[in-house]
Amino acid sequence: MSISQAIEKVEARYAHQPEFIQAVKEVALTIAPLYDAHPEYETLKVFERLVEPDRVICFRINWENDKGEIEVNRGWRVQFCNALGPYKGGLRFHPTVNQSVLKFLGFEQIFKNALTGLPIGGGKGGSDFDPKGKSETEIRRFCYAFMRELHHYVNKDIDVPAGDIGVGSREVSYMYAMYKNLTRESTGVITGKGVGFGGSLMRTEATGYGAVYFLESMLAAQNEDIKGKKVLVSGAGNVSLHAAEKVCMLDGIVLTVSDSKGTLYDEKGLNQEKIDWLKKQKEQSKPLAEYVDVFGGEWLAGKKPWQFKADIIIPSATQNEVDEEDAKQLVENGIRYVVEGANMPLTADAIDYIRLHHVHYAPGKAANAGGVAVSALEMSQNSVRQYKTHEQIDSRLKIIMKNIHDSAAEASEEYCQTKDGYIDYMSGANMVGFKRVADALVAYGILN
Ligand code: NDP
Ligand code: 2IT
């Protein structure tokens, strides 16, 4: 079955899963040169196999709210592909979570994890539980209830979850506590744990910092650096605020952050004091808009951050937050680099538009791989029951991000006929990630 036939099959079978189809097509449409060079991939139906998860586990979560009422949510774990190691990927708690969203995230995770060069397969999970407006005790009860179900399916050598939207170190620690309680095991079954009881130093910072390390390599490839460059960041969560922090540390100018309510614009740029304030504000679930009263700037209710002139954007909130109209505005405003902190933040049309206009584009599966990479370092620290230092993890993270950049750039040079120093990171990253997984499947024969 050719790749185009495999796409048709996915479109027919999963017509009701638009995000999943979007993620599959993005990979499929860029790996053709590699696929053509390896006839064994088609013989062994590698692509057709990879678009079908090993299994999707779906379960009910009953929990009790503060009024003593029973609430019922849906939970999932998509165990997509373990060709390279245990299924690995985060858990998302957000009302928009459904099978399509988790399958797109799990599919992307396979190739992202392969790009890190570490022994981890791809998976994703979560729930349609909405943490907004819930009390601390409700969050705790939900996390316990979620793991009461999930623990049947995960294990340090089988499937290792972590955080994602709505799941940070607090939630991971509650889930880990329930896992330990039920299994009497103290193992690396989940990553992003608190430092001091199994968590790795720098896991919290890793995704945002890693994305900026990737950006540094992109800029260096064009003989530029980040100093003085204007950057638009979206989101105000884990990835966004750490990406913003690293940009500031390197003397870039972060003009925006945002959330589901609107955008904060500060023409003077963020600094460490402002970022610390933002972190505290989000931790306490307080409005971003209050920033203006403390530091000045402008609050744009209901607006995205893409209307301002800048050099770089780091979209770090959620999928499809940059559409074709936004892409047109970004090109018009002189944006030259797009670095995806989030997973699939650009629609397919937006990607086409910016690539057509030679904007350098780093897809999430390459640029935000630093988080899962440090998760994998947490797994190995847990296995040997030793901790690495901050400096050791940070230098590994830098090396991993540089390797991802360089391998994607090399594949772009080998397979894509680009001109004027343009690097096709999307095709390059897809081909490198895909090849590592495909070669493992070929080596295994028809199992896996
Ligand atoms: P957080 O929950 O910490 O923060 C999410 C941020 O995005 C919040 O500011 C939130 O605003 C905003 N947001 C979420 N959904 C929407 C929406 N539908 N519309 C507008 N804003 C929205 O999540 P993370 O920072 O962990 O994750 C952000 C992105 O990065 C996701 O795509 C995730 O998959 C990806 N990612 C995360 C990694 C990690 O290590 N955590 C690793 C790699 C990728 P509000 O508070 O108002 O909802
Ligand atoms: O999308 C992602 O890579 C994550 N949410 C992190 C996954 C992980 O296992 O650390």
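Just so you know, residue 1 is the first one in the sequence shown, and it goes up from there. Whatever order the structure lists ligands and atoms in, that order sets their numbers, starting from 1.
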Task: Option with minimal heavy-atom separation from atom 19 (N) of ligand 1, where the choices are Asn343, Thr318, Thr191 - done: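 Checking each option, the heavy atom nearest atom 19 (N) of ligand 1 is found in Thr318.
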- [ ] Name the option, out of Ala211, Ala206, Gly237, Gly163, that contains the heavy atom nearest to atom 1 (P) of ligand 1.
- [x]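 Considering heavy atoms of Ala211, Ala206, Gly237, Gly163, the nearest to atom 1 (P) of ligand 1 sits in Gly237.
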Distance to 0.1 Å, residue and atom name: give those for the protein heavy atom nearest to [atom].
atom	result
atom 13 (N) of ligand 1	Ala317 CB, 4.0 Å
atom 3 (O) of ligand 1	Asn238 N, 2.9 Å
atom 33 (C) of ligand 1	Asp164 OD1, 3.2 Å
atom 46 (O) of ligand 1	Lys282 NZ, 3.3 Å
atom 45 (P) of ligand 1	Ser260 OG, 3.5 Å
atom 9 (O) of ligand 1	Ala236 N, 2.9 Å
atom 25 (O) of ligand 1	Val239 N, 2.9 Å
atom 27 (O) of ligand 1	Ile165 CG1, 3.7 Å

Task: NZ/NE/NH1/NH2 to OD/OE distance under 4.0 Å, Asp164 and Lys124 - done: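 A salt bridge links Asp164 with Lys124.
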Under 3.5 Å between any N/O of [X] and any N/O of ligand 1: does that happen in this structure?
X	answer
Lys124	no
Thr207	yes
Lys112	no

Open item on the list: Evaluate Lys328 against Glu325 for salt bridge (charged side-chain N to carboxylate O under 4.0 Å, His left out), listing each step before the verdict.
Closed with: CA-CA 5 Å; Lys328 285 181 183 160; Glu325 282 311 300; 3.8 Å; yes
Dump all N/O pairs between ligand 2 and the protein below 3.5 Å as a table: atom names plus distance, one pair per row.
residue	atom	partner	partner atom	Å
ligand 2	1 (O)	Gln109	OE1	3.4
ligand 2	1 (O)	Lys112	NZ	3.0
ligand 2	1 (O)	Lys124	NZ	3.0
ligand 2	1 (O)	Asn343	ND2	3.0
ligand 2	3 (O)	Gln109	NE2	3.0
ligand 2	3 (O)	Lys112	NZ	2.8
ligand 2	5 (N)	Lys124	NZ	3.2
ligand 2	5 (N)	Gly163	O	3.1
ligand 2	5 (N)	Asp164	OD1	2.9
ligand 2	9 (O)	Lys88	NZ	2.7
ligand 2	10 (O)	Arg203	NH2	3.0
ligand 2	10 (O)	Ser375	OG	2.5

